[in-house]
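Report on the structure given below.
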Amino acid sequence: MTDEKRIERLSAMLKRRGIVLPAFEIYGGVSGLIDYGPVGASIRRRVIQNWVEHWTINGDIVEIDSPTITPEPVLVASGHVGEFNDLMTQCGKCSAAFRADQLAENNHPNPEILEANEIDEILISNEIECPNCGDKNWTPSKPMNLMFGTKIGAMRASRQAYMRPETAQGMFMLYPSLYRHFRQKLPFGAIQTGKGYRNEISPRQGMIRLREFNMAELEYFIDPENPPVIDLSMKKEIVSFIPDPHGEDYKEVKISFSEAIDQGVMKDHTVAYFLSRTLDFLINVGINPSKIRFRQHEGTEMAHYAEDCWDCEIFGEHGWIECVGIANRTCHDLLSHEKHSNSNSLRAWREFDEPKTDTKEVLAPNTSILGPMFRGKAGLVLESLKQLDELPDNFPFELQIKDGTKVEITEEMVERKTIHTSIAGEWFTPHVIEPAFGIDRIIWHILDHAYEETEKEGEKYNLLRLSESIAPVDLIVLPLFEKEGMGETARKLNLQINQIKGVISSIDSSKSIGRRYARADEIGIPWAVTVDHISLEDETVTVRRRDDQKQVRTEIQLLLNLIRLGNVSSLF
RNA sequence: GCGCCUGUAGUGAAGGGGUUAUCACCUGAGGUUUCCAACCUCAUGUCCCGGGUUCAAAUCCCGGCGGGCGCACCA
């Protein structure tokens with residue numbers, strides 16, 4: 001933050017080069033909505049692709065995809081409808097905004113259940129003062145829900161719905177399918193990338209707080225009694241942690257993951273594992289490791305569902321920004337959906353180490369005799385027989401039944417049997433660890449950390465040092481001149497490269513070669529391949545490295561092979 | 001949502017009640033050029049939107065929309 005103008009120059013470049021732009025600009029734009037242009041969209045796709053591959057590589061996590069339109073009951077169960085329908089009021093004098101129920105806290109046993117007019121009445125009759133300025137003049141309170149509402153279906157048959165505020169609910173909805181997919185064995189996880197929607201009161205800070213944004217979330221389901229055993233002793237790199245201070249001042253500690261666990265900075269090994277995997281991902285896509293820290297939420301800051309929550313914060317032009325939240329949501333969501341939906345398939349089976357066996361002697365009823373004999377009371381008699389703890393030694397005997405009366409049971413009515421029972425396990429609700437990534441915020445920081453302003457021969461020179469895996473294109477082919485067949489050769493080479501799966505190449509033949517290198521550097525293309533006069537004679541080209549502008553000449557066939565292997569850098 | 005500041009080509013800026021709105025870079029066409037934003041010629045393109053004041057508004061006023069900062073909000 002030493003140079004206040006840097007952010008303006010960076011934003012101007014992002015717009016000029018078609019990376020990130022304000023959306024709907026010819027209609028005046030809409031705050032909180034952005035476009036990724038032709039260059040930015042490619043970067044975004046590759047960041048998401050990297051993210052998907054990062055989590056699915058072990059095979060215990062699969063990708064799913066769910067609707068963004070979500071029926072209301074789902075979000076009632078998840079808590080989003082209730083949590084977000086808070087009544088807000090503003091001070092008439094200083095315009096400070098508060099949750100109305102919190103202002104009325106001392107004047108009503110349960111202000112959360114009140115309607116707007118009831119709570120307004122309490123604020124007036126009790127002369128509640130504004131905590132900010134002391135005034136007692138409140139605007140009528142209004143429900144403030146940060147979700148975008150919509151309707152499914154037309155007219156009276158329509159159902160209330162919302163645009164999803166997070167992708168996570170999709171994974172919970174698919175839990176039964178996931179459980180079958182993974183052969184009913186925990187732990188397993190599911191990821192989803194896509195749009196989320198929050199109708200922010202005041203979106204700010206460019207692409208940091210958006211109303212429609214790219215999320216990438218992972219729900220990892222575990223058995224809380226048998227959490228996965230994860231060895232983090234190899235994790236020796238030094239990381240910055242800020243544990244929950246419990247009232248004391250925040251204190252940053254710089255230690256490794258293995259030390260953090262040994263020292264009790266992090267109690268939950270599974271959460272620690274996802275923190276460390278998150279760190280790996282961020283470094284892979286080009287975030288500067290020295291600008292990453294993990295901060296534990298305070299108790300008061302915790303989301304309504306979370307038990308333990310860490311933020312991964314990244315430092316950039318906007319200061320420290322939360323880019324990933326890693327929460328132990330415990331069984332909150334699955335349990336709540338089970339209650340609201342009456343579904344019985346949101347659980348997992350836990351087999352005991354040893355089946356619990358039991359041998360029991362019972363009196364098995366002979367219903368063809370019992371039935372006609374007791375008629376209306378037969379059901380009660382059967383129930384009492386079943387619950388009999390000690391079997392009588394002799395017949396007939398008296399049996400107390402539920403309505404208080406006693407009946408006589410004779411030998412013909414029952415049969416003495418030995419029952420062997422074996423209980424192999426039990427049903428339980430899995431716990432879930434959720435790393436939730438704000439993709440747009442991460443992309444902003446990738447761009448921020450990669451953007452470098454330098455000088456070249458006295459002139460300003462900007463480049464984007466993007467990691468190879470997320471560059472908008474892998475390489476650019478440049479004919480030195482558009483004549484003598486150089487342009488033709490370059491187009492042919494570009495086509496050959498683009499035919500390699502997963503590789504994107506582009507071509508640029510306008511203006512001087514120096515200018516084209518500069519343009520390529522500014523959008524972060526790692527390699528530039530130049531076709532010159534020598535190329536026409538011996539099938540060689542020069543390859544230029546963005547980061548130091550070094551060039552080597554190589555045979556086209558060798559280059560194509562190296563591109564296939566993703567190892568162009570071995571030329572240098 | 002409130003307060004202060006703000007909005008001129010793709011980008012960055014100058015100007016400002018009165019002929020055809022200025023500059024640099026960028027972009028396109030042509031020329032030139034044997035590897036790092038060279039040069040020459042030509043071309044495209046701008047006063048955020050709406051209302052008001054005025055003979056005349058890009059300029060002044062009001063409102064909206066967008067941006068920045070502060071306050072508040074941010075599962």
Side-chain angles (χ1 to χ4, degrees), chain A residues 4-5 7-9 11-18 21-33 37 75 78-86 88-99 130-133 139 142 144-147 165-166 168 196 198-206 208-211 297 301-306 309 318 322 325 327 329 332 434 436 455-463 478-484 486 510-522 528-536 541-544 546 549-551 553:
Chain A
E4 286 180 14
K5 295 286 179 193
I7 190 169
E8 288 170 26
R9 293 191 299 270
S11 300
M13 187 279 281
L14 296 179
K15 199 174 170 187
R16 180 161 32 88
R17 292 297 185 195
L21 311 83
F24 308 111
E25 212 186 6
I26 63 169
Y27 284 97
V30 180
S31 172
L33 301 178
L75 295 163
S78 70
H80 290 96
V81 171
E83 287 287 316
F84 278 166
N85 270 322
D86 298 327
M88 298 290 295
T89 182
Q90 274 186 298
C91 173
K93 190 179 171 194
C94 71
S95 296
F98 297 94
R99 274 177 59 172
C130 170
N132 190 37
C133 72
T139 63
K142 280 186 280 192
M144 200 183 65
N145 193 304
L146 290 186
M147 290 192 292
E166 60 174 23
R198 294 177 199 178
N199 202 356
E200 295 283 353
I201 298 165
S202 105
R204 284 283 170 84
Q205 298 174 301
I208 300 299
R209 271 177 71 193
L210 297 171
R211 288 190 164 122
H297 275 202
E301 186 183 2
M302 213 88 84
H304 61 270
Y305 46 70
C309 191
H318 292 111
E322 173 197 350
R329 292 172 75 134
H332 170 273
E434 175 194 88
E455 284 207 353
K456 192 163 158 184
E457 289 156 24
E459 246 188 303
K460 281 184 179 157
Y461 197 89
N462 302 334
L463 70 163
L478 308 171
L480 190 55
F481 298 103
E482 185 64 84
K483 61 181 184 185
E484 290 165 34
M486 280 183 260
S510 70
K511 289 285 162 75
S512 74
I513 189 73
R515 176 168 300 201
R516 284 177 275 157
Y517 286 142
R519 280 195 292 236
D521 286 345
E522 198 172 30
V529 177
T530 306
V531 175
D532 58 13
H533 296 85
I534 303 169
S535 312
L536 303 175
V541 288
T542 62
V543 179
R544 171 187 180 275
R546 173 197 66 205
Q549 303 169 17
K550 269 190 188 144
Q551 260 178 314
R553 180 167 287 279

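Within every chain, numbering begins at 1; the chains are lettered A, B, ... in the order of the sequence lines, protein sequences first and strands thereafter.
Taking the side chain of A/F481 as heavy atoms from C-beta on, and the options B/rA38, B/rC35, B/rU34, the nearest nucleotide is B/rU34. Which of B/rG28, B/rA38, B/rC35 sits closest to the side chain of A/D532 comes down to B/rC35. Comparing B/rA75, B/rA37, B/rC35 by their closest approach to the side chain of A/H80 singles out B/rA75. Residue A/R204 has its side chain nearest to B/rG70 when only B/rG70, B/rA37, B/rC35 are considered. With B/rG1, B/rG28, B/rA38 as the candidates, the nucleotide lying closest to the side chain of A/S510 is B/rG28.
Residues A/K15 and A/R519 each lie close to RNA chain B; by heavy-atom proximity, the contact nearer the 5' end of the strand is made by A/K15.
No option in A/D521, A/T530, A/I513 other than A/D521 meets the side chain to side chain contact (heavy atoms under 4.5 Å, CB included) test with A/R544.
For A/E457 against B/rC36, no side-chain N or O and base N or O form a donor-acceptor pair under 3.5 Å.
For A/E25 and B/rG10, the CD to P distance is 9 Å, given to the nearest whole Å. Note: CD (A/Q205) to C1' (B/rA72) measures 14 Å, nearest angstrom. Going from atom OH of A/Y517 over to atom P of B/rA38 covers 14 Å, rounded to whole Å.
Using a cutoff of 4.0 Å between basic side-chain nitrogens and carboxylate oxygens, A/R198 and A/E166 are not scored as salt-bridged. Taking 4.0 Å as the cut-off between side-chain N and carboxylate O, A/E200 and A/R211 do not count as a salt-bridged pair.
For the residue pair A/Y517/A/Q551, the side-chain donor-acceptor check at 3.5 Å is satisfied.
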